[in-house]
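I have placed the structure first, in the form of structure tokens, so that the comments after it can refer back to it.
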Amino acid sequence: MMQKILVTGATGNVGQEVVRLLLLQNCHVYAAVRNPPSDKQILGSDVECIPFDFTNPDTFTEAFKEVNKLFLVRPPALANVRQQIAPALNAAKLAGIEHIVFLSLLGAERNSFVPHSKIERYIEQLGVPATFLRCSFFMQNLNTTHCEDIKTRGELLMPAGNGKTSFIDVRDIAAVAVRTLIEDGHQSRAYALTGKEALTYYEVANILTSVLGKQIHYNPSLLKFVQQTRSSGLPMDFILVMIAIYTTARLGLAGTITSDTEQLLNRSPMTIRQYVEDYAEFWL
Ligand SMILES: NC(=O)c1ccc[n+]([C@@H]2O[C@H](COP(=O)([O-])OP(=O)(O)OC[C@H]3O[C@@H](n4cnc5c(N)ncnc54)[C@H](OP(=O)(O)O)[C@@H]3O)[C@@H](O)[C@H]2O)c1
């Protein structure tokens, strides 16, 4: 039977790449998006877009009607799992979804307070077969959240001290996601996805400097981070989440390296240097 797969977060970092890779497979892909006409322009005219909003139950029946698998991305702004994510999961179960692949967070199984942990437990409770992709910190945060700092001030600004992070490229996460969606044998499994190396932000700044040919320095000041993020208009709750994430790195808790990515891809995960070379135009 041909797989029919609904991809949530389809315009985001990981979802966009998952859609692109699924289009190369023998399956039917549906991009679950909030604004089909404009999102089709982002995703390409060959992508079938279905209206879907986690916060609008009227969109659920149609979105889940044709599909048997779900790639689940929790939008970062939706932190209340019971109110904002669970209703869509209930609808997915009712519609007969057979497998959910969920983009989770490294260590979610140990941090019951993060939304990803609550979502994992909710899916288990629903009894829908699932695969949890517990991912380390995305390399692509550098060309999204931190892009302007790097580009305009030559500065990597984050309060991560001298701690190491096992960055992963979202292209590797998407490749793993596609494999686990298409192949049998990944149900009831959780994978800890990291890159192959753990680096400090001093080391990342050196790689940016060497590849971009312009000086990029790392500034670990918490005070400057708060001032800068506040003045750029980011909401305080988002800033606090970022501080918590960088504190994890500062305390040396973000450097775990696993072999899951390599085993699932049958190749080495991408390196930060490779990522910076591929994305150089973002910072020049
Ligand atoms: N960044 C990291 O280092 C990291 C590491 C591990 C795990 N994660 C997790 O990865 C997830 C984010 O993945 P990402 O970076 O690929 O996403 P992203 O680039 O932040 O994009 C968010 C996606 O969610 C969609 N969305 C927002 N609100 C929605 C709603 N109400 N209903 C339906 N869709 C909605 C957005 O669509 P629109 O285009 O309509 O806005 C967009 O496609 C988060 O759960 C995060 O915690 C992140």
Side-chain angles (χ1 to χ4, degrees), residues 6-21 30-43 47 49-60 62-64 70-81 83-89 91-92 101-109 111 113-120 132-147 158 160 165-174 176-177 190-195 201 204 234 237-238 241-242 244-246 248-249 253-254 256 258 261 272 275:
L6 185 74
V7 178
T8 59
T11 55
N13 294 308
V14 181
Q16 220 176 111
E17 187 64 10
V18 169
V19 169
R20 194 185 71 76
L21 293 179
Y30 300 87
V33 295
R34 290 195 285 182
N35 301 298
S38 57
D39 291 336
K40 215 170 169 66
Q41 283 177 6
I42 299 171
L43 293 167
V47 175
C49 289
I50 301 275
F52 174 79
D53 187 329
F54 281 102
T55 62
N56 180 3
D58 290 347
T59 62
F60 297 166
E62 199 59 27
F64 294 124
L70 171 65
F71 180 64
L72 177 67
V73 175
R74 174 197 70 100
L78 304 188
N80 187 327
V81 172
Q83 282 177 18
Q84 297 174 309
I85 305 291
L89 295 177
V101 174
F102 171 49
L103 177 64
S104 189
L105 181 71
L106 193 66
E109 72 282 15
N111 295 324
F113 57 90
V114 296
H116 312 77
S117 166
K118 294 176 185 153
I119 293 172
E120 288 189 6
F132 300 145
L133 306 182
R134 296 180 181 143
C135 303
S136 182
F137 201 76
F138 301 170
M139 293 179 189
Q140 276 74 3
N141 294 328
L142 299 177
N143 66 277
T144 53
T145 315
H146 299 290
C147 192
M158 56 273 290
T165 298
S166 56
F167 300 93
I168 184 161
D169 193 306
V170 300
R171 294 171 295 180
D172 284 341
I173 299 172
V176 169
Y191 299 116
L193 303 181
T194 74
Y201 283 94
V204 174
L234 284 176
D237 53 351
F238 187 69
V241 169
M242 287 172 81
I245 290 168
Y246 288 119
T248 308
L253 302 172
T256 308
T258 69
T261 315
I272 276 269
Y275 155 75

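Each ligand, and each atom within it, is numbered from 1 in the order the structure gives.
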So which protein heavy atom does [atom] come closest to, and at what separation?
atom	value
atom 1 (N) of ligand 1	Asn141 OD1, 3.1 Å
atom 31 (N) of ligand 1	Asp53 OD1, 2.8 Å
atom 33 (C) of ligand 1	Phe54 CD1, 3.4 Å
atom 40 (O) of ligand 1	Arg34 NE, 2.8 Å

Point to revise | Ser104 touching ligand 1 at heavy-atom level, < 4.0 angstrom | key: yes
Check your understanding: So is Thr8 close enough to ligand 1, meaning a heavy atom under 4.0 angstrom away?
Key -> no
My understanding is that we take every heavy atom of each candidate and find the minimum distance to [atom]. Doing that for [options], which one comes out nearest?
atom	options	answer
atom 9 (C) of ligand 1	Gln140, Gln84, Gln16, His116	His116
atom 24 (O) of ligand 1	Pro75, Ala254, Gly107, Ser38	Pro75
atom 45 (O) of ligand 1	Met139, Arg74, Arg134	Arg74

For [X] and ligand 1, does the shortest N/O to N/O distance drop below 3.5 Å?
X	result
Ser136	no
Asp39	no
Leu105	no
Phe138	yes
Phe137	no

Flag, side chain of [X] to backbone of [Y], donor-acceptor distance under 3.5 Å:
X	Y	value
Tyr275	Met139	yes
Asn111	Phe113	no
Glu17	Ala174	no
Gln16	Ala10	no
Thr261	Thr194	yes
Thr59	Asp53	yes

Exercise for review: Hey, can you tell me if Phe132 and Phe102 have their rings parallel, tilted or perpendicular (30° and 60° cut-offs)?
Suggested key: perpendicular
Could you tell me whether [X] approaches ligand 1 through its side chain, its backbone, both or neither, with non-hydrogen atoms closer than 4.0 Å?
X	answer
Asn13	both
Val73	side chain
Ala10	backbone

Check your understanding: Between Tyr30 and Phe64, does the ring centre distance come in under 6.0 Å?
Key -> no
Review point. Hey, do the aromatic rings of His146 and Phe137 have their centres closer than 6.0 Å?
Key: no
Check your understanding: When rounded to the nearest 0.5 angstrom, what distance separates CG in Leu89 from CG in Leu70?
Key -> 7.5 Å
